[in-house]
Amino acid sequence: MPAILAATVAEVRAALADFRRRGQLVGLVPTMGALHAGHAALIERARRECGCMAVSIFVNPIQFDRREDYEAYAIRLPDDVALCESLGTDVIFAPAAEEMYPAPQSVFVEVAGLTDHLCGRFRPGHFRGVATVVAKLFHIVAPHRAYFGEKDAQQLAVIQRMVADLNMPVEIVPVATVRDPDGLAVSSRNRRLSPEERRAAPALFQALQAAAQAVASGARSAAEAKAAALAVLEACPEIRVEYLEVVDPATMAPVEQISGPVRIAAAVWLGATRLIDNLYCPAVAR
Ligand code: PAF
């Protein structure tokens, strides 16, 4: 079935109004396009759970901390529309930047605390841009449920907090990270890796697994878990570590002692490509 392709706020609202009149639950998968298997997992989950499934495709200029990254971001709308339609999407909202930001934005959503560490520390303004555009999308689409990947764990936490603090009537549904057979988390950035970098990239997941294994085997200090991960990463000359942290999953703040569940999160560079990944480690009985 062809999806309804809406380019304006008025068009997407009109398209969704029909579904709402019929009492359908509206699910939204917000994306920046260049869709891959990770997005497909979000869309499939939304399709199973919602009578009306909408995907937004919008490369959001205000979440890029480097202008050149925004300008280089791959736009593949025909391929993205084809994938969305093959997965049964009802409505695709693909606005131009001028539609989302007809005037310079002067209202922003700032989620304090949760954005102090990890990517928030290295990408100033990034989460402010993400939270602001997601808030706008929620106002435009008014979904009952919205689906986000756990690969971007800090983004997910930021959005959950925004929704809670601003009493937004939307349920946030986390979806597990999709991985290639060698463990590399799927990401639109993987396409930018050279063949050598792609061969080295699974070391990121292997490093997180090594840290998680250390925790499962009784490591109680973050330093010990991090050392296990760094040993894997340091064996890969192609990889430069931006951060590697053991954090409290609720606050995203680094911990020194491991006394409950933690998330191990890392960002690394392979050449000019930045990859992130994380693993949740449940509390280990003492
Ligand atoms: O994860 C993404 O693709 C983006 O950050 C999002 C949530 C669509 C906001 O632009």
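Just follow the structure's listing: the first ligand is 1, and inside any ligand the first atom is 1.
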Original post:
Between Ile159 and ligand 1, which residue portion shows a heavy-atom distance shorter than 4.0 Å: side chain, backbone, both, or neither?
Top reply: neither
**OP:** State whether the side chain of His144 and the backbone N or O of Val26 hold a donor-acceptor pair below 3.5 Å, judged by distance alone.
**Re:** yes
**OP:** Measure from the ring center of Phe64 to the ring center of Tyr73 and say whether it is less than 6.0 Å.
**Re:** yes
Original post:
Which of the atoms of ligand 1 are close to Val133, meaning less than 4.0 Å from one of its heavy atoms?
Top reply: 9 (C), 10 (O)
Original post:
So, are Arg67 and Glu71 salt-bridged, with charged N and O less than 4.0 Å apart?
Top reply: yes
Original post:
If hydrogens are left out, which of Gln155, Gln63, His126, Met32 has an atom nearest to atom 9 (C) of ligand 1, that is, the closest non-hydrogen atom?
Top reply: Gln63
Original post:
Ignoring hydrogens and geometry, is there a side-chain-to-backbone donor-acceptor pair from Asn190 to Ala185 under 3.5 Å?
Top reply: yes
